[in-house]
Amino acid sequence: MHLITGATGNVGRHIVEGLLAAGAGVRASSRNPATAELPAGVDIVASQTDSPAFAGVVGAFLNPAAVHDTADRLLAQASAAGVRRIVLLSSSSVLDDHPDNHTGIAHRDLEQRIERSGLEWTFLRAGMFAANTRQWAARIRADHIIHAAYTSAAIAPIHERDLAAAAVRALLTDDLLHQSPVLTGPELITQADQAKLIGDIIGKPVRLEETDARTAREHMIAQRMPPEIADSLLRYYERAITQPIEPTPISTDLTRQQPRTYRQWVLEHAADFR
Ligand SMILES: NC(=O)c1ccc[n+]([C@@H]2O[C@H](COP(=O)([O-])OP(=O)(O)OC[C@H]3O[C@@H](n4cnc5c(N)ncnc54)[C@H](OP(=O)(O)O)[C@@H]3O)[C@@H](O)[C@H]2O)c1
């Protein structure tokens with residue numbers, strides 16, 4: 001049995017699918033088990049409960065979005081229940097040592113707590129998610145005009161299914177044991193080209209207007225993005241200009257699949273932008 005936190009989210013749903021496909025038992029935690037809509041056969045538990053979600057669990061996937069301030073309690077419960085391994089959805093921002101890099105500092109702090117727990121671990125240090133461009137969906141649907149800063153910064157967005165595939169490998173095999181790979185998509189692309197690609201695929205041109213970082217931040221927050229996430233994304237783009245990103249996709253040996261491109265992600269999510 002494996003416990004997946006954040007199981008209803010971008011990455012978590014694909015981990016659940018991947019584990020079930022591999023024949024593994026899955027327990028999933030959600031704040032709203034009744035509306036979680038997870039596949040049959042998944043044992044769904046309420047994330048807020050103190051009940052022993054770890055009974056019979058050998059490996060757990062921790063998503064900081066879902067566990068943030070409960071991480072210490074979860075790690076203590078996991079150790080006490082005999083869980084062997086923690087796979088953390090971490091962030092490549094841990095490698096940015098700027099003092100204002102709050103997201104990176106928070107993820108590194110979580111990594112260190114896990115190291116101290118004595119449990120086996122894998123830290124999946126994800127780069128920018130392809131799914132982040134969903135922040136543009138409402139504006140593209142409304143008037144096809146979006147705003148962004150650092151539009152020429154080239155990033156290598158990762159498809160959430162590839163991250164999930166890496167998490168499944170890390171839970172079910174020793175291939176990534178005590179490793180902290182930086183994971184990106186396979187290809188560099190600028191925000192300008194991401195917007196153009198979305199327009200090409202939905203059949204209506206998308207106009208990307210370059211703004212300063214402050215205005216871009218306001219637009220992101222207006223799309224209900226938490227301010228700390230907006231800050232972290234802007235910092236990532238700014239840094240990509242001075243320190244170009246080298247794509248480090250998950251190896252096909254691990255996932256048995258070619259890493260998915262941003263184009264594939266848009267084709268799968270085109271309906272969100274129409
Ligand atoms: N976005 C990026 O570019 C990026 C890059 C590197 C690393 N990351 C890491 O990836 C995480 C996001 O992963 P994701 O996109 O798969 O997550 P997500 O879809 O945003 O959230 C996963 C699940 O967590 C639960 N959740 C969300 N907000 C919560 C809250 N405030 N309190 C408790 N539970 C909450 C929700 O499940 P229920 O409603 O079912 O409880 C949600 O479905 C980030 O937090 C960061 O740690 C992101």
Side-chain angles (χ1 to χ4, degrees), residues 3-18 26-39 42 44-49 53 60-71 73-74 86-96 101-111 113-114 122-136 153 155-168 180-185 189 191 194 220 223-237 239-240 245 248 250 262 265 269 272:
L3 175 71
I4 309 304
T5 65
T8 61
N10 289 316
V11 182
R13 281 194 187 277
H14 297 300
I15 300 177
V16 169
E17 268 175 28
V26 182
R27 183 168 298 146
S29 69
S30 165
R31 290 168 298 179
N32 303 298
T35 56
E37 292 186 356
L38 288 163
V42 175
I44 310 178
V45 294
S47 47
Q48 308 90 325
T49 178
F61 173 79
L62 296 194
N63 182 330
V67 305
H68 47 94
D69 47 1
T70 59
R73 174 169 62 80
L74 283 176
I86 302 289
V87 175
L88 175 71
L89 177 50
S90 188
S91 167
S92 63
S93 63
V94 300
L95 301 172
D96 170 8
N101 170 26
H102 302 297
T103 304
I105 291 167
H107 281 87
R108 183 64 196 129
D109 178 65
L110 197 42
E111 290 182 353
R113 285 165 199 261
I114 294 168
T122 297
F123 305 144
L124 302 174
R125 292 179 167 170
M128 187 77 84
F129 288 11
N132 290 347
T133 45
R134 274 219 194 88
Q135 63 167 306
W136 292 339
I155 57 157
I158 184 162
H159 193 306
E160 53 272 16
R161 280 184 196 273
D162 284 347
L163 262 178
V168 169
S180 43
V182 169
L183 298 175
T184 72
I189 185 168
Q191 289 184 92
Q194 286 181 301
M220 291 158 121
Q223 299 305 319
R224 289 195 240 127
M225 183 179 285
E228 65 279 11
I229 303 291
D231 290 338
S232 148
L233 296 186
L234 286 166
R235 180 152 175 75
Y236 189 87
Y237 284 122
R239 194 161 171 252
I245 289 170
T248 49
I250 186 79
Y262 181 68
W265 186 89
H269 296 86
D272 293 349

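Order of appearance sets the numbers: ligands from 1, and atoms from 1 within every ligand.
- Between M225 and L233 there is a side-chain heavy-atom pair separated by less than 4.5 Å.
- At a threshold of 4.5 Å between non-hydrogen side-chain atoms, the residues P157 and N132 do not count as touching.
- Annotation for ligand 1: atoms under 4.0 Å from non-hydrogen atoms of N132 are 1 (N), 2 (C), 3 (O).
- Summary of contacts: the protein heavy atom closest to atom 20 (O) of ligand 1 is A65 CB, 4.3 Å.
- For ligand 1, none of its N or O atoms has an N or O atom of P64 under 3.5 Å away.
- In this structure, the side chains of L88 and P64 come closer than 4.5 Å at one or more pairs of heavy atoms.
- Between L233 and ligand 1, not a single N/O pair is under 3.5 Å apart.
- Near H68, the atoms of ligand 1 lying under 4.0 angstrom from a non-hydrogen atom of the residue are 30 (C), 31 (N), 32 (N).
- Per-residue contacts place M128 under 4.0 angstrom from the following atoms of ligand 1 (heavy atoms of the residue considered): 3 (O).
- A side-chain hydrogen bond (donor to acceptor under 3.5 Å, both in side chains) with S90 holds for exactly one of H107, E111, R108; it is E111.
- N63 and G6 make their closest contact through CB-CA, 4.3 Å (heavy atoms, listed as atom of the first residue, atom of the second, distance).
- Residue contacts with ligand 1: N63 is placed with a nitrogen or oxygen under 3.5 Å of a nitrogen or oxygen of the ligand (distance criterion only).
- The nearest heavy-atom contact from the protein to atom 43 (O) of ligand 1 is T8 OG1, 2.7 Å.
- Residue-to-ligand polar distances place V11 within reach of ligand 1: an N/O pair is separated by less than 3.5 Å.
- At least one heavy atom of S90 sits under 4.0 Å from some atom of ligand 1.
- Regarding atom 5 (C) of ligand 1, its nearest protein heavy-atom neighbour is G127 O, 3.3 Å.
- Looking at ligand 1, you'll find an N or O of N10 within less than 3.5 Å of one of its N or O atoms.
- Nearest to atom 22 (C) of ligand 1 by heavy-atom distance, out of A46, A7, G9, is G9.
- Closest to atom 24 (O) of ligand 1 among all protein heavy atoms lies A66 CB, 3.5 Å.
- The shortest contact between atom 10 (O) of ligand 1 and any protein heavy atom is with L89 CD2, 3.2 Å.
- Side chains of W136 and Q223: a donor-acceptor N/O pair is absent below 3.5 angstrom, by distance only.
- Here the straight-line distance linking atom CE of M128 with atom CD of Q194 works out to 8.0 Å at 0.5 Å rounding.
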Q) For R161 and E17, what are the C-alpha separation, side-chain angles and deciding distance, and is it a salt bridge (Lys or Arg N to Asp or Glu O under 4.0 Å)? A) CA-CA 10 Å; R161 280 184 196 273; E17 268 175 28; 3.7 Å; yes

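- Between the N101 side chain and the D96 main chain, a donor and an acceptor come within less than 3.5 Å of each other.
- The shortest N or O to N or O distance between S30 and ligand 1 is under 3.5 Å.
- Among all non-hydrogen protein atoms, the one lying nearest atom 23 (C) of ligand 1 is G6 CA, 3.5 Å.
- Within the 4.5 Å cutoff, the side chain of R235 has no heavy atoms near those of the T103 side chain.
- Residues V16 and P39 form a side-chain contact, since some pair of their non-hydrogen atoms from C-beta on lies under 4.5 Å apart.
- Residue, atom and distance of the protein heavy atom nearest to atom 8 (N) of ligand 1 are F129 CZ, 3.6 Å.
- Put simply, the side chain of L163 reaches to within 4.5 Å of the side chain of L89, judged on heavy atoms.
- Polar contact check, S47 against ligand 1: no nitrogen or oxygen pair lies under 3.5 Å apart.
- In summary, the atoms of ligand 1 found under 4.0 Å from a heavy atom of A126, numbered by their order in the structure, are 5 (C), 6 (C).
- Side-chain polar atoms of T133 and Y262 form a donor-acceptor pair below 3.5 angstrom.
- R31 NH2, 3.4 Å is the protein heavy atom nearest to atom 26 (N) of ligand 1.
- Remark: ligand 1 and S91 share no N or O pair separated by less than 3.5 Å (distance only, no angle test).
- Taking 4.0 Å as the cut-off, H107 counts as a neighbour of ligand 1 on heavy-atom distance.
- In this structure, CD1 in I158 is found 8.5 Å from CG in L124, a value given to the nearest 0.5 Å.
- Between S29 and ligand 1, a contact under 3.5 Å exists for no N or O pair.
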